[in-house]
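It should be emphasised that the depicted structure is a prediction, and the values quoted were computed from it without experimental measurement. Order of the sequence lines fixes the chain letters, A, B, ..., with proteins taken first and strands second; residue numbering starts at 1 for each chain.
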Protein chains: 2
Amino acid sequence: MRGMENDSPAFAASQESLGVLLGLVRTEIVRAMEAELAAAGVELRFTQFLILKRLARLGPMSASELARAVELDGGAMTRQLDHLEGRGYLRRCPHEQDRRALRIELTDQGNALWQQLTDCNERVLGAAQRSLGEAERRRLHDYLTRVLHALRDKD
Amino acid sequence: MRGMENDSPAFAASQESLGVLLGLVRTEIVRAMEAELAAAGVELRFTQFLILKRLARLGPMSASELARAVELDGGAMTRQLDHLEGRGYLRRCPHEQDRRALRIELTDQGNALWQQLTDCNERVLGAAQRSLGEAERRRLHDYLTRVLHALRDKD
DNA sequence: CGCAGATAGTTGTCAAGGCAACTGTCTCGC
DNA sequence: GCGAGACAGTTGCCTTGACAACTATCTGCG
């Protein structure tokens with residue numbers, strides 16, 4: 001049942017799409033997640049959601065660690081932190097060992113928010129992967145990881 | 001050192017990354033492709049590359065068909081067309097049946113450019129998937145397609 | 001016919017993120 | 001100790017793409 005949609009470029013179709021396909025899937029996940037957040041009455045962009053998630057899961061860290069964790073530019077991170085701090089979800093504390101750095105930590109409000117959000121997260125990812133079995137999910141993750149490494153360690 | 005939050009080991013790990021992972025892989029592909037283009041002396045963004053590709057592969061079509069094909073907003077498409085037309089790669093012709101619409105077609109220069117680009121395309125996609133076997137590539141594509149459908153037809 | 005609604009393309013506005021410049025701090029080699 | 005270079009965070013500038021408003025055209029229904 002695999003050879004669907006082949007006018008002529010059955011081979012081209014698989015090659016051609018990868019970059020595009022990834023974009024489509026990601027866009028759709030982002031959209032779904034933001035819809036889910038909005039439905040829960042939370043006004044958050046996907047990126048902001050990711051930042052909170054990282055903080056909630058890994059605990060306080062510096063802004064640049066956080067930026068690397070979500071693959072965001074340093075400048076962009078500063079602005080997101082402004083925004084999230086302004087809304088009371090996190091705070092910038094001085095780093096103990098390094099006076100250049102910050103220690104970003106969730107406030108109580110931020111932690112409370114994350115309690116709500118954790119469901120959204122699972123619902124969306126569950127919905128996205130609902131047509132994949134457990135083994136397939138693992139394979140998908142594995143393939144993507146390998147592609148990523150292939151692109152990064154370009155020997 | 002805290003215990004790496006394995007609430008549900010493999011489960012959480014694979015769940016958590018999907019959205020992010022897709023973004024990472026896509027970003028890397030885009031970066032690689034633009035680097036490849038630049039190395040070939042062609043000053044093109046990924047999106048512009050996609051537009052030319054679609055036109056080269058599928059022939060002339062209207063601007064909105066093109067926009068749908070690359071999943072781009074109509075407004076953004078207008079500006080990309082401005083840019084590509086200004087550089088002589090394509091032209092806007094009046095549509096024969098529909099006076100609202102345009103018929104976007106590659107110029108000779110645009111076609112010539114695509115000849116160069118087709119290699120870049122294959123090189124990058126080949127590099128990205130170099131660690132995947134043929135069957136795995138098909139599966140990856142299949143999984144992504146299924147995830148996409150699961151997200152779109154959310155019954 | 002004539003009007004309502006959909007669609008094609010354009011334009012203005014906005015938010016997000018990348019990049020570069022800059023300051024302040026750290027680190028390492030001398 | 002000190003100077004060079006690396007790194008943290010901030011800010012300004014720019015590009016991109018989404019969204020909304022607008023005009024022009026098409027389609028379908030009475």
Side-chain angles (χ1 to χ4, degrees), chain A residues 19-20 22-24 26-35 37-38 43-51 60-87 90-105, chain B residues 19-20 22-24 26-35 37-38 43-51 60-87 90-105:
Chain A
V20 181
L22 290 168
L24 294 183
R26 176 167 191 276
T27 301
E28 217 60 45
I29 288 185
V30 170
R31 218 193 304 269
M33 187 68 81
E34 291 183 349
L37 292 172
E43 210 46 51
L44 274 187
R45 308 318 235 99
F46 186 66
T47 303
Q48 297 165 343
F49 165 80
L50 287 182
I51 293 171
M61 64 183 74
S62 81
S64 47
E65 284 174 298
L66 198 49
R68 278 190 295 270
V70 299
E71 287 279 319
L72 198 60
D73 174 75
M77 180 56 68
T78 293
R79 283 175 268 255
Q80 293 296 348
L81 292 179
D82 289 344
H83 197 232
L84 290 171
E85 189 175 32
R87 294 167 70 182
L90 55 81
R91 74 176 74 86
R92 288 164 158 114
C93 304
H95 194 287
E96 283 151 10
Q97 287 88 34
D98 190 339
R99 279 192 298 168
R100 295 170 300 178
L102 297 173
R103 172 189 158 97
I104 311 295
E105 58 182 39
Chain B
V20 181
L22 289 168
L24 294 183
R26 176 168 191 277
T27 302
E28 216 60 45
I29 288 186
V30 170
R31 217 192 305 268
M33 187 68 82
E34 291 183 349
L37 291 171
E43 209 49 48
L44 274 186
R45 314 301 262 122
F46 186 66
T47 303
Q48 298 165 343
F49 165 80
L50 287 182
I51 292 171
M61 64 182 73
S62 81
S64 46
E65 284 175 298
L66 199 48
R68 279 189 294 269
V70 299
E71 288 277 319
L72 197 61
D73 174 75
M77 180 55 70
T78 293
R79 282 175 267 256
Q80 294 296 350
L81 291 179
D82 289 345
H83 197 234
L84 291 170
E85 188 174 33
R87 293 165 71 182
L90 54 80
R91 73 175 76 86
R92 287 163 158 114
C93 304
H95 194 287
E96 283 149 10
Q97 288 89 35
D98 191 339
R99 280 190 297 168
R100 295 171 300 178
L102 298 172
R103 173 190 156 97
I104 312 294
E105 58 182 39

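At D:dT16, one or more side-chain N or O atoms of B:Arg45 fall inside 4.0 Å of OP1 or OP2 (strictly under the cut-off).
If you check every strand for non-hydrogen atoms under 4.0 Å, A:Thr78 touches a base. B:Leu102 comes within 4.0 angstrom of the backbone, heavy atoms only, and of no base. No contact: B:Gln48 has no heavy atom under 4.0 Å from any strand.
In this structure, the CG atom of B:Leu81 is 14 Å from the P atom of D:dT16, given to the nearest Å. Atom CD of B:Glu85 and atom P of C:dT10 are 9 Å apart (whole Å). The CD-P distance, from B:Glu65 to C:dT7, rounds to 14 Å in whole Å. Across the protein-nucleic acid pair, B:Arg68 atom CZ and C:dA6 atom P stand 16 Å apart, rounded to whole Å. Remark: C1' of C:dA15 and NE2 of A:His83 are 10 Å apart, rounded to the nearest angstrom. Going from atom CG of A:Asp73 over to atom P of D:dT10 covers 12 Å, rounded to whole Å. Protein atom CG of A:Asp82 is 12 Å distant from nucleotide atom P of C:dA16, rounded to whole Å. Atoms CG (B:Leu84) and C1' (D:dT15) sit 15 Å apart, rounded to a whole Å.
In terms of heavy atoms, B:Arg87 sits closest to B:Glu43 at NH2-O, 2.6 Å.
Formation of a donor-acceptor pair under 3.5 Å by the B:Gln80 side chain with backbone atoms of B:Gln48 is not found in this model. Counting only distance, with no hydrogens or angles, the side chain of A:Glu105 and the backbone of A:Cys93 share no donor-acceptor pair below 3.5 Å.
For the pair A:Glu71 and A:Gln97, nearest-nucleotide mapping onto DNA chain C gives the more 5' position to A:Glu71. Both B:Gly74 and A:Arg92 sit near DNA chain D, but only A:Arg92 has its closest nucleotide nearer the 5' end. Of the residues near DNA chain C, A:Leu72 and A:Asp98, the one whose nearest nucleotide (by heavy atom distance) lies more toward the 5' end is A:Leu72.
Residue A:Arg79 places a side-chain atom within donor-acceptor reach of the base of C:dG18, judged by atom type and a 3.5 Å distance cut-off alone. For B:Arg100 against C:dT7, a side-chain-to-base donor-acceptor contact under 3.5 Å is present.
Candidate nucleotides C:dG9, D:dG9, C:dG17 were compared by shortest atom distance to the side chain of B:Ser62, and C:dG9 ranks first. Here the nucleotide nearest the side chain of B:Thr47, chosen from C:dA8, D:dA8, D:dG17, is D:dG17.
In this structure, B:Leu24 and A:Arg26 have side chains that are not in contact, with every pair of non-hydrogen atoms separated by 4.5 Å or more. Residues B:Leu84 and B:Leu44 meet the side-chain proximity criterion, which asks for heavy atoms closer than 4.5 Å.
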